[in-house]
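See structure below.
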2 protein chains.
Amino acid sequence: MTLRFALLASLSARPRTGYDLLQIFDSSVGFVWHAAHTQIYPELRRMEADGLLASVEVPRGPKAHKREYRITDLGLSALRQLASTPVEPSPEKDPYRLKAAYLEWADPEGARAQFELHLAHYARWLKQWQEMQQRIADGLDPVVNERLEARPAAEHRTIVAAKVFAYQGMSSRAEMEIEWAKQGLALLDTLAEPQP
Amino acid sequence: MTLRFALLASLSARPRTGYDLLQIFDSSVGFVWHAAHTQIYPELRRMEADGLLASVEVPRGPKAHKREYRITDLGLSALRQLASTPVEPSPEKDPYRLKAAYLEWADPEGARAQFELHLAHYARWLKQWQEMQQRIADGLDPVVNERLEARPAAEHRTIVAAKVFAYQGMSSRAEMEIEWAKQGLALLDTLAEPQP
DNA sequence: TGTCCCATGTAACTCGTTACATGATTGT
DNA sequence: ACAATCATGTAACGAGTTACATGGGACA
């Protein structure tokens with residue numbers, strides 16, 4: 001259902017091909033919800049079968065085609081419904097904390113490497129998310145700008161605020177993860193010291 | 001693989017039945033990695049087939065039985081291997097931030113209800129995780145204590161520190177989520193005000 | 001005798017990943 | 001000519017959820 005929501009939301013700005021959506025899932029939206037082409041293409045066809053999308057074949061060069069999907073009225077109401085229905089957060093499944101809980105079974109180098117990977121990963125993404133947040137706030141993100149053009153001016157404030165708020169949340173998460181990984185490395189140092 | 005890790009780790013303290021593990025997955029370990037009985041029972045059988053576990057049938061009453069699993073040497077080395085091998089964090093899939101990014105499609109009450117649910121959920125769990133952390137630090141958690149009894153005293157410091165550190169991470173996550181949800185509610189208030 | 005709790009299962013389905021494939025177009 | 005990019009697909013598998021099912025044991 002979440003992929004569906006992401007696709008409906010992306011297509012609510014303007015019609016796009018599966019490939020266009022793939023690009024978006026490798027950048028903006030994909031910074032929050034990743035999906036592979038092997039999942040996107042079949043899902044688009046299913047959504048069309050369900051009446052949420054409609055598609056046209058667009059020629060490209062003399063022989064090739066691409067298929068462009070637009071959201072239908074049914075799709076729009078599905079999007080509004082998904083967006084408006086609160087969902088109970090699911091039971092936690094946190095692979096990093098789980099692994100950390102059984103740290104005693106790891107050799108020290110393995111444990112250290114894990115925290116360092118964790119740190120590097122979230123440091124890298126923190127940068128991405130912060131840049132994205134800045135870009136949107138400055139009105140420089142092309143995907144968001146396309147959306148603004150398609151929507152009435154009265155909505156612009158909300159649209160920008162929502163996107164900035166989402167990426168801000170991603171950044172907070174990253175900062176928390178970085179802090180935690182640093183504490184993990186510090187913990188390994190203490191555990192390496194001989195006991196008093 | 002993560003469920004396997006969780007099961008191996010749980011069984012490294014002492015032999016247990018599927019039902020025992022279920023209890024644990026409804027409390028301690030399950031506060032970090034949730035799993036249902038429909039997933040646990042078949043996985044235990046597969047792990048036995050793979051030689052990671054061995055089981056015996058234990059009578060209970062005159063007619064009924066239960067099956068108790070213990071970790072084998074192969075299982076122990078699999079556990080050590082899983083614990084020691086660093087894993088690259090996966091691409092982000094964050095349903096909360098995704099939904100927030102398209103807040104403009106939600107009706108205001110729906111959006112508010114979502115943030116309130118989010119807040120209540122993580123407030124509830126923050127309490128659980130903090131209590132668990134305290135209980136372990138104070139040597140009062142029965143599951144951790146069983147583990148300590150089964151392992152040499154030299155490891156005790158590491159075992160307790162790892163568990164406390166994991167639950168500390170869960171708490172940090174919860175605090176971040178609570179803060180974010182509060183900002184979301186505040187954002188909805190600003191958006192409800194008329195523009196200057 | 002009824003109601004929990006103990007204890008374990010199957011089957012169908014959804015979601016997501018990985019591997020394998022194909023062919024046209026654009027630019028150097 | 002070749003490489004990179006555009007564009008889309010299938011198939012097998014693994015992980016996880018939901019629904020459906022069953023039966024014994026303990027205690028009031």
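Quick note on labels: first sequence line is chain A, next is B, and so on, each numbered from 1.
With no hydrogens or angles considered, a side-chain donor-acceptor pair links Ser55(A) and Glu48(A) at under 3.5 Å. Donor-acceptor pairing under 3.5 Å is lacking for the side chains of Glu175(A) and Ser171(A).
Among the atoms of the strands shown, none is found under 4.0 Å from any heavy atom of Arg46(A). Nucleic acid contact for Arg4(A): none, since no nucleic acid atom lies under 4.0 Å from a heavy atom of the residue. Looking at heavy-atom distances under 4.0 Å, Thr2(B) makes no contact with the nucleic acid at all.
The backbone N or O of Trp33(A) sits nowhere less than 3.5 Å from a side-chain atom of Lys93(B) that would complete a donor-acceptor pair.
If you check dT8(C), dG9(C), dG9(D) against the side chain of Arg67(B), the one that comes closest is dT8(C). Closest to the side chain of His37(B), from the set dT17(C), dG9(C), dT17(D), is dG9(C). Of all nucleotides listed (dT10(C), dT17(C), dG9(D)), dT10(C) comes nearest to the side chain of Arg45(B). Side-chain proximity of Gln39(B) to dG16(D), dC6(D), dG16(C): nearest is dG16(D).
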message: Let's go through Phe5(A) and Tyr96(B) carefully: what are the C-alpha distance in whole Å and the side-chain angles of both, what is the deciding distance for ring-ring contact (aromatic ring centres under 6.0 Å, His included) to 0.1 Å, and is it a yes or a no?
response: CA-CA 12 Å; Phe5(A) 177 77; Tyr96(B) 312 126; over 10 Å; no
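Within residues 25-36 of chain A, the residues that place at least one heavy atom under 4.0 Å from DNA chain C are, in residue-number order, Trp33(A).
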For nucleotides 24-28 of chain C, print each protein N/O atom paired with a nucleotide N/O atom at under 3.5 Å, atom names and distance only.
residue	atom	partner	partner atom	Å
dT25(C)	OP1	Pro62(A)	N	3.0
dT25(C)	OP1	Lys63(A)	N	2.8
dT25(C)	OP1	Ala64(A)	N	3.4

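Nearest heavy-atom pair across Val29(B) and Ala6(B) is CG1-CB, 4.4 Å.
Among residues two or more places apart in sequence or in another chain, the side-chain contact (heavy atoms from CB on, under 4.5 Å) test is passed with Thr72(A) by Ala54(A), Arg70(A), Leu74(A).
With hydrogens and angles left out, the side chain of Thr38(B) and the base of dT18(D) share a donor-acceptor pair within 3.5 Å.
For the pair Arg124(A) and Trp129(A), the cation-pi test (distance below 6.0 Å, angle within 45°) is failed.
Not less than 6.0 angstrom separates the ring centroid of His34(B) from the ring centroid of Phe25(B).
For the pair Tyr41(B) and Lys93(B), nearest-nucleotide mapping onto DNA chain C gives the more 5' position to Tyr41(B).
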